[in-house]
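To start, the structure itself, in structure tokens.
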Amino acid sequence: MSKDKKAGGLAGVSAGETAICTVGKEGAGLTYRGYDIYDLAEHARFEEVAYLLHYGKLPTQAEYADYIERLKGLRDLPDALKAALETIPGDSHPMDVLRSGCSLLGNFEPEDDHQPQVRVADRLLAAFPSMLLYWWRFHQDGVRIDTVTDDDSVAGHFLHLLHGKAPSDFHRRVLDVSLILYAEHEFNASTFTARVIAATLSDFHSAITGAIGALRGPLHGGANEAAMELIERFDSAAAADEGVRAMLAAKEKIMGFGHRVYTTSDPRNKVIKAFAKQLADERGDTVIYPVSEAIEKVMWDEKKLFPNADFYSASAYHFMGIPTPLFTPIFVCSRTTGWSAHVMEQRANNRLIRPGADYVGPGLQSWTPMAARD
Ligand SMILES: CC(C)(COP(=O)(O)OP(=O)(O)OC[C@H]1O[C@@H](n2cnc3c(N)ncnc32)[C@H](O)[C@@H]1OP(=O)(O)O)[C@@H](O)C(=O)NCCC(=O)NCCS
């Protein structure tokens with residue numbers, strides 16, 4: 001390990017320029033292409049944000065209508081991909097399914113130099129919910145679902161495929177806003193992974209496949225699932241208070257808290273927490289939400305750590321009947337827009353990303369033939 005642990009992980013290091021997003025910048029906060037996250041969460045639909053990220057501007061009414069129809073037309077999957085999804089074990093992690101699904105789509109529909117790369121971005125955006133829920137429903141319910149629905153939104157499409165019926169307007173809107181909040185976040189680990197891959201002049205599907213692998217870990221996107229598993233361990237606020245104090249005393253990390261860039265709060269939390277509360281009231285919940293708030297209080301009192309976007313997303317998804325293993329895949333269904341924007345930005349002004357390292361290994365050794373080694 002490096003002598004200075006805090007210097008590791010490239011903390012505080014700028015790794016390049018971007019015109020896509022600001023995270024925690026003084027006077028700007030969290031913005032996508034200059035638009036404040038609170039304005040987007042209040043006024044936009046996720047597909048407008050996707051268009052903004054993929055095409056660089058907000059769509060006009062006509063462009064938006066056209067975009068919705070285009071995305072709807074990209075929801076079906078090749079038969080060969082459906083067949084392959086059926087062979088992936090039902091107890092696989094759904095993130096592994098998306099990672100493989102993305103990679104397979106790259107075989108069935110390889111990126112073609114003559115097609116605009118943004119078509120691949122749109123195809124992945126439309127296809128991720130389909131591939132995830134085709135596999136999920138096949139193994140959970142033994143049905144081969146039709147992945148084409150008439151829902152106008154990714155959120156509606158996702159909930160429709162999962163539950164087999166169109167969602168309420170409120171649930172669709174909560175998921176829609178959650179997708180907006182998750183869509184983009186500058187040079188986070190998965191986006192940086194995508195850029196590193198794109199910078200070698202590799203193909204679009206490889207960049208997104210790598211990003212899914214990076215997102216899967218509990219220090220990144222996997223935190224929303226880990227947070228739900230923690231919340232469900234407790235049956236009361238008092239038990240949560242006691243349990244989390246014990247975990248902190250044992251130097252355990254509490255998933256869904258803290259952030260590499262934000263120091264006092266995550267702006268996305270305020271929005272998703274308010275929805276989690278409304279959903280708790282709708283469900284008549286008297287355990288999950290109070291337990292969540294108790295964990296939040298201990299973390300602030302003991303560590304001055306705050307919930308990040310993942311913590312209350314967990315209970316919000318739970319209240320909408322979404323199974324915990326699908327939480328991080330929802331992040332993929334959203335963040336694919338940010339990843340794609342970064343792949344295109346990297347390609348537009350590319351240079352191989354290849355940093356150096358401080359060598360801390362042994363000095364020059366003299367060669368010993370195998371027979372003479374101890
Ligand atoms: C996000 C995260 C990886 C940022 O990490 P980082 O900038 O590398 O910070 P570190 O992991 O070095 O943490 C700094 C200190 O705060 C503590 N800390 C940070 N997050 C913590 C958490 N969630 N629970 C308990 N302690 C935490 C660390 O133990 C460390 O304490 P120390 O200095 O006594 O060793 C980290 O906060 C974390 O692991 N959070 C939980 C996972 C999570 O929610 N990820 C989603 C991020 S959006």
Side-chain angles (χ1 to χ4, degrees), residues 46-47 50 54 67-112 115 117-167 172 175 179 203-213 215-216 221 225 317 321-337 339-340:
F46 172 61
E47 290 69 24
H54 287 186
Y67 192 50
I68 293 296
E69 286 314 307
R70 195 151 75 243
L71 291 179
K72 281 161 82 169
L74 292 170
R75 286 176 178 164
D76 203 6
L77 303 175
D79 287 343
L81 178 53
K82 290 182 189 166
L85 289 168
E86 291 179 14
T87 68
I88 297 179
D91 60 358
S92 293
H93 192 286
M95 284 297 278
D96 297 343
V97 176
L98 284 185
R99 189 194 60 218
S100 301
C102 183
S103 180
L104 282 166
L105 198 64
N107 288 284
F108 299 129
E109 300 173 2
E111 189 178 12
D112 172 352
Q115 91 185 328
Q117 56 184 336
V118 75
R119 291 263 173 83
V120 182
D122 288 341
R123 171 65 165 147
L124 289 171
L125 170 63
F128 277 138
S130 301
M131 62 176 83
L132 174 72
L133 292 162
Y134 183 88
W135 167 82
W136 179 261
R137 296 287 312 277
F138 179 79
H139 288 287
Q140 296 294 315
D141 305 328
V143 290
R144 291 187 169 94
I145 57 166
D146 183 357
T147 60
V148 180
T149 71
D150 203 32
D151 300 277
D152 282 345
S153 63
V154 173
H157 178 60
F158 186 100
L159 291 170
H160 192 159
L161 292 186
L162 174 63
H163 296 309
K165 58 180 194 305
R172 186 202 45 72
L175 189 58
L179 295 174
D203 67 296
F204 217 104
H205 297 87
S206 292
I208 304 297
T209 301
I212 295 171
L215 187 73
R216 187 191 194 290
E225 291 177 26
Y317 294 164
I322 300 173
T324 304
L326 300 186
F327 290 5
T328 316
I330 292 177
F331 200 153
V332 172
C333 295
S334 162
R335 184 59 62 84
T336 186
T337 57
W339 292 332
S340 295

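Bear in mind that the values here come from a model prediction, so they are computed numbers and not experimental data.
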Taking every non-hydrogen atom, the tightest pair across [X] and [Y]:
{"X": "Leu81", "Y": "Met131", "value": "CD2-CE, 4.3 Å"}
{"X": "Gly90", "Y": "Trp135", "value": "O-CZ2, 3.6 Å"}
{"X": "Phe327", "Y": "Ile322", "value": "CE1-O, 3.2 Å"}
{"X": "Pro94", "Y": "Pro329", "value": "CB-CG, 3.7 Å"}
{"X": "Pro129", "Y": "Leu161", "value": "O-CD1, 4.1 Å"}
{"X": "Ser130", "Y": "His157", "value": "OG-NE2, 3.4 Å"}

**Study point:** side chain to side chain contact (heavy atoms under 4.5 Å, CB included) between Glu109 and Arg123, worked out
**Key:** CA-CA 10 Å; Glu109 300 173 2; Arg123 171 65 165 147; 2.8 Å; yes
Find the distance between [atom1] ([X]) and [atom2] ([Y]) and round it off to the nearest 0.5 Å.
{"X": "Asp141", "Y": "Trp136", "atom1": "CG", "atom2": "CH2", "result": "9.0 Å"}
{"X": "Thr209", "Y": "Leu105", "atom1": "OG1", "atom2": "CG", "result": "9.0 Å"}
{"X": "Asp151", "Y": "Arg75", "atom1": "CG", "atom2": "CZ", "result": "6.0 Å"}
{"X": "Leu124", "Y": "Ile212", "atom1": "CG", "atom2": "CD1", "result": "8.0 Å"}
{"X": "Phe331", "Y": "Leu179", "atom1": "CZ", "atom2": "CG", "result": "11.0 Å"}
{"X": "Glu225", "Y": "Met95", "atom1": "CD", "atom2": "CE", "result": "7.5 Å"}

Less than 4.5 Å apart, side chain to side chain, heavy atoms only: is that true for [X] and [Y]?
{"X": "Phe46", "Y": "Ser153", "result": "no"}
{"X": "Lys72", "Y": "Val148", "result": "no"}
{"X": "Tyr317", "Y": "Leu326", "result": "no"}
{"X": "Leu85", "Y": "Val97", "result": "yes"}
{"X": "Phe128", "Y": "Cys102", "result": "yes"}

Any donor-acceptor pair under 3.5 Å from [X] side chain to [Y] backbone:
{"X": "Thr336", "Y": "Cys333", "answer": "no"}
{"X": "Glu111", "Y": "Asp203", "answer": "no"}
{"X": "His139", "Y": "Ile88", "answer": "yes"}

Practice item. Walk me through it: do Ser340 and Gln117 pass the test side chain to side chain contact (heavy atoms under 4.5 Å, CB included)? Key: CA-CA 9 Å; Ser340 295; Gln117 56 184 336; over 6 Å; no
Practice item. With side chain to side chain contact (heavy atoms under 4.5 Å, CB included) as the test, would you mind laying out the steps for Leu125 and His54 before giving the verdict? Key: CA-CA 10 Å; Leu125 170 63; His54 287 186; 4.2 Å; yes
**Study point:** Atom CZ of Arg70: over 12 foreign heavy atoms under 6.0 Å
**Key:**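 Yes, the 6.0 Å shell around CZ holds more than 12 heavy atoms from other groups.
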Exercise for review: Can you establish whether the number of heavy atoms outside Arg137 located under 6.0 Å from its atom CZ is more than 12?
Suggested key: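 Yes, CZ of Arg137 has more than 12 neighbouring heavy atoms, counting only those of other groups under 6.0 Å.
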Practice item. Any pair with a residue in residues 97-106 that passes side chain to side chain donor-acceptor pair (under 3.5 Å), sequence neighbours left out, goes on the list, sorted by first then second residue, please. Key: Asp96-Arg99
Check your understanding: Where do Val154 and Leu175 land on the side chain to side chain contact (heavy atoms under 4.5 Å, CB included) test, with the steps shown first?
Key -> CA-CA 9 Å; Val154 173; Leu175 189 58; over 6 Å; no
